Trainee: 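One structure, as structure tokens, below. Some questions next.
Just so you know, residue 1 is the first one in the sequence shown, and it goes up from there. Given the structure is predicted, the values throughout are model-derived calculations rather than measurements.
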Amino acid sequence: MKRINIKVLVMMVVVAASFGACKKALDINDDPSRLTPDQANLSGLLGATIQFTATSFFNVGQYGNSYPQYLAGFNSYEANIDSYNPYGFDNIWESAYRDAMPNLKDMIDRAEKLGAPQYSGIGKVLFALTLMQSTDIWGDLPYSQAFKGPTVPSPTYDAQQDIYNTSLKALLDGAIADLAKPVPTTASLKVGTSDLIFGGTIASWQKVAYGARARYYLHLSKKDPANLVKAISDVSSAIDDQKGAVDLQLKYSQERPSPWYTNLGQPAITAKQGRPSYFLVNLMNGTGYFSGVIDPRLPKLFDNAGAATYTGRPVGALSTDPGAILANSDVTDKTYYGARTSPVPILTYAEMQFIKAEALIGTDKAGAYTAYINGIKGNMLKLGVSDADITTYTTNAVVTKNGNITITDIMLQKYIALFLQMETWTDMRRYQYDAAIYPGLKQPNKNLLGNVYVQRAKYPDNEPGRNPNVPKIPNQAQKIWLFN
């Protein structure tokens with residue numbers, strides 16, 4: 001991967017150290033992580049904001065992956081978050097509102113003043129993706145009055161409907177427009193090596209912007225099915241490399257290891273917070289929906305220490321519960337996402353194809369089927385599955401249904417392909433955990449919400465002390481606007 005500007009890296013370390021020593025309550029309008037104009041130029045801001053954005057997406061997955069049942073709680077986390085124990089997600093809030101979004105806004109504002117449209121375009125698409133992820137988690141959020149500094153110490157919360165219909169649309173449309181503008185002739189205004197993902201290749205960022213808008217339109221398709229046509233159109237201009245070469249993801253190095261490595265890959269079994277779930281592993285080991293088919297991605301994603309079969313762990317279970325002791329599958333440093341250099345994906349080719357398949361399934365089954373197979377192949381190529389194994393899997397009638405696939409096939413294959421990405425929690429809530437679409441999915445063994453699935457995150461525990469405008473919600477079973 002391309003290395004972050006040394007000056008910015010040193011600055012970030014100093015900022016982190018100063019934050020650790022800070023005793024004051026965190027204010028999203030006045031925080032120690034925000035880069036000041038004299039600390040970094042546009043190039044430095046870009047490197048830092050990419051890092052912040054990737055960290056925000058990792059943090060969401062680190063503690064939130066129990067909700068779409070990718071991971072079941074283990075050790076001190078057993079029957080905890082995956083049992084819907086009210087959890088404030090303060091670290092997720094801070095990585096978005098303290099780090100990523102305020103610095104992205106700084107970069108956008110500065111780029112627009114200086115006449116650097118590619119910087120502002122990248123900033124807008126990263127901002128949109130972070131804001132969209134955040135509103136999908138919490139619903140109403142500070143936005144129109146946020147990031148204004150001490151003049152607005154307690155910003156009001158915008159309704160999610162307004163964030164979706166106005167704010168996100170403006171950011172995504174603006175990103176696409178900015179990225180299409182002529183590149184400035186001044187060297188300092190051109191995106192270069194501090195672009196830690198694409199190294200300054202603006203064409204790749206344009207594909208990402210269209211992909212982000214396709215995700216946006218898909219999210220709104222339950223509100224208005226006409227958005228499906230818009231999603232299909234944007235996918236045609238979005239990420240198109242089946243091997244993942246232009247996926248939006250931050251890659252890590254031996255010197256700077258992946259947070260998935262430090263969180264899941266490196267810890268010993270006695271220290272792991274989560275293990276792959278029973279539902280997920282069964283989709284791949286031949287005992288679930290794709291009955292009798294062994295998914296060649298199993299050894300790429302999970303380590304079962306050489307056992308004859310792969311077994312997941314029930315969610316919301318104590319170690320004494322039936323089935324919990326049988327779990328043998330883990331994410332370790334021998335697996336794709338547990339490796340020291342594993343990426344943090346944000347937007348991928350596979351997701352684009354499954355968006356297309358879902359959008360077409362009601363009107364063009366042949367087109368949906370082609371996109372479905374492309375999505376599976378793209379994910380397998382990314383994980384390093386052999387061509388022979390890909391062919392065997394994608395020609396198996398249990399997987400292909402002889403071309404007569406359903407929305408269930410599409411959503412379950414998307415679920416596998418987006419392992420560790422919280423986008424699938426949005427999918428599950430769009431379909432309200434429908435047992436016909438997610439067969440085999442069960443509520444947690446121990447469900448602190450009663451007899452319902454989780455619908456949202458709890459607002460951070462620290463936020464009411466910083467902002468009196470935090471909405472009051474009864475519990476995490478209350479649906480947000482997007483899913484009503």
Side-chain angles (χ1 to χ4, degrees), residues 15-16 18-34 52 55-68 71-102 130-143 145-147 152-160 163 259 263 273-274 315-316 422 425-426 429 444 446-450 452-482:
V15 167
S18 65
F19 176 68
C22 184
K23 302 298 183 183
K24 295 172 64 178
L26 177 69
D27 186 331
I28 63 172
N29 293 297
D30 183 18
D31 63 83
S33 292
R34 189 166 181 174
F52 287 144
T55 298
S56 181
F57 274 79
F58 162 73
N59 280 343
V60 170
Q62 178 187 15
Y63 292 105
N65 265 309
S66 294
Y67 289 168
L71 300 176
F74 188 51
N75 291 320
S76 61
Y77 279 81
E78 69 176 19
N80 192 321
I81 299 174
D82 59 340
S83 287
Y84 306 155
N85 188 26
Y87 187 75
F89 288 106
D90 292 76
N91 69 316
I92 298 174
W93 183 272
E94 290 171 1
S95 65
Y97 270 96
R98 182 192 67 196
D99 300 338
M101 289 194 285
T130 305
L131 180 63
M132 183 159 40
Q133 174 177 253
S134 298
T135 191
D136 292 346
I137 292 170
W138 286 290
D140 299 352
L141 290 174
Y143 178 72
Q145 291 188 7
F147 319 118
V152 186
S154 300
T156 58
Y157 277 57
D158 295 6
Q160 186 182 45
I163 291 173
N263 180 255
Q273 297 177 359
V315 297
M422 286 289 283
W425 187 39
T426 298
R429 289 175 293 161
K446 177 184 177 183
N447 186 345
L448 295 175
L449 286 178
V452 295
Y453 283 100
V454 66
Q455 295 288 338
R456 64 190 301 153
K458 178 177 174 285
Y459 283 109
D461 295 324
N462 290 332
E463 187 61 9
R466 300 189 291 250
N467 188 341
N469 297 313
V470 179
K472 293 179 172 59
I473 60 170
N475 55 52
Q476 289 178 247
Q478 183 188 67
K479 295 179 184 177
I480 59 178
W481 169 83
L482 190 60

Trainee: Indicate yes or no for a side-chain donor-acceptor contact from Arg429 to the backbone of Leu482 under 3.5 Å, with no hydrogens or angles considered.
Mentor: no
Trainee: With respect to Val454, which candidate in Leu449, Asn447, Asp82, Asn475 satisfies the side chain to side chain contact (heavy atoms under 4.5 Å, CB included) definition?
Mentor: Leu449
Trainee: Give me the atom names and distance for the closest heavy-atom approach of Phe52 to Ala100.
Mentor: CB-CA, 3.7 Å
Trainee: If we ignore hydrogens and angles and just use 3.5 Å, is the side chain of Asp90 paired with the main-chain N or O of Asn462 as donor and acceptor?
Mentor: yes
Trainee: Indicate the ring-plane relationship of Trp93 and Trp138, choosing parallel, tilted or perpendicular according to the 30° and 60° boundaries.
Mentor: perpendicular
Trainee: How many angstroms lie between atom NZ of Lys479 and atom CZ of Arg456, to the nearest 0.5 angstrom?
Mentor: 12.5 Å
Trainee: Check the pair Asn65, Met422 against side-chain contact (heavy atoms from CB on, under 4.5 Å), reporting the backbone distance first and the verdict last.
Mentor: CA-CA 6 Å; Asn65 265 309; Met422 286 289 283; 4.1 Å; yes
Trainee: Nearest 0.5 Å, please: how far is CG in Leu131 from CG in Asp136?
Mentor: 9.0 Å
Trainee: Indicate yes or no: at least one non-hydrogen side-chain atom of Gln133 is less than 4.5 angstrom from one of Ser56.
Mentor: yes
Trainee: With distance as the sole test, does Gln160 use its side chain to make a donor-acceptor pair with the main-chain N or O of Trp481 at under 3.5 Å?
Mentor: yes
Trainee: Are side-chain heavy atoms of Tyr97 and Pro460 found at a separation under 4.5 Å?
Mentor: no
Trainee: Tell me if a side-chain donor or acceptor on Asp158 pairs with a main-chain N or O of Pro142 at a distance below 3.5 Å.
Mentor: no
Trainee: Any idea which heavy atoms bring Val452 and Ala477 closest together, and the distance?
Mentor: CG2-CB, 3.8 Å
Trainee: Which pair of non-hydrogen atoms, one from Val152 and one from Pro155, has the smallest distance, and what is that distance?
Mentor: O-CD, 3.7 Å
Trainee: CD of Glu463 to NZ of Lys458: how many Å apart, nearest 0.5 Å?
Mentor: 11.5 Å
Trainee: Where is the tightest heavy-atom contact between Asn59 and Ile92, given as atom of each residue plus distance?
Mentor: O-CG1, 3.5 Å
Trainee: If you take all heavy atoms of Asn469 and Tyr157, which pair is closest and at what distance?
Mentor: O-CD1, 3.5 Å
Trainee: Would a 4.5 Å heavy-atom cut-off, applied to side chains only, mark Thr55 and Asp99 as touching?
Mentor: no
Trainee: Checking Phe89 now: which residues fulfil ring pair (Phe, Tyr, Trp, His ring centres under 6.0 Å) with it, not counting sequence neighbours?
Mentor: Tyr67, Tyr87
Trainee: Can you find a heavy atom in the side chain of Pro444 that is under 4.5 Å from one in the side chain of Tyr84?
Mentor: yes
Trainee: In sequence, state the C-alpha distance, the side-chain angles, and the governing distance for Thr426 and Met132, and then conclude on side-chain contact (heavy atoms from CB on, under 4.5 Å).
Mentor: CA-CA 11 Å; Thr426 298; Met132 183 159 40; over 6 Å; no
Trainee: Search all heavy atoms of Ser154 against all heavy atoms of Asn467 and return the closest pair with its distance.
Mentor: CB-OD1, 3.6 Å
Trainee: Quick one: does any side-chain atom of Thr130 pair with a main-chain N or O of Met101 as donor and acceptor, under 3.5 Å?
Mentor: no
Trainee: Can you find a heavy atom in the side chain of Gln273 that is under 4.5 Å from one in the side chain of Ile81?
Mentor: no
Trainee: Carefully, step by step, assess Thr135 and Tyr143 under the rule side-chain contact (heavy atoms from CB on, under 4.5 Å).
Mentor: CA-CA 10 Å; Thr135 191; Tyr143 178 72; over 6 Å; no
Trainee: Mind checking the CG-CD1 spacing from Asp140 to Ile163? Nearest 0.5 Å is all I need.
Mentor: 6.5 Å
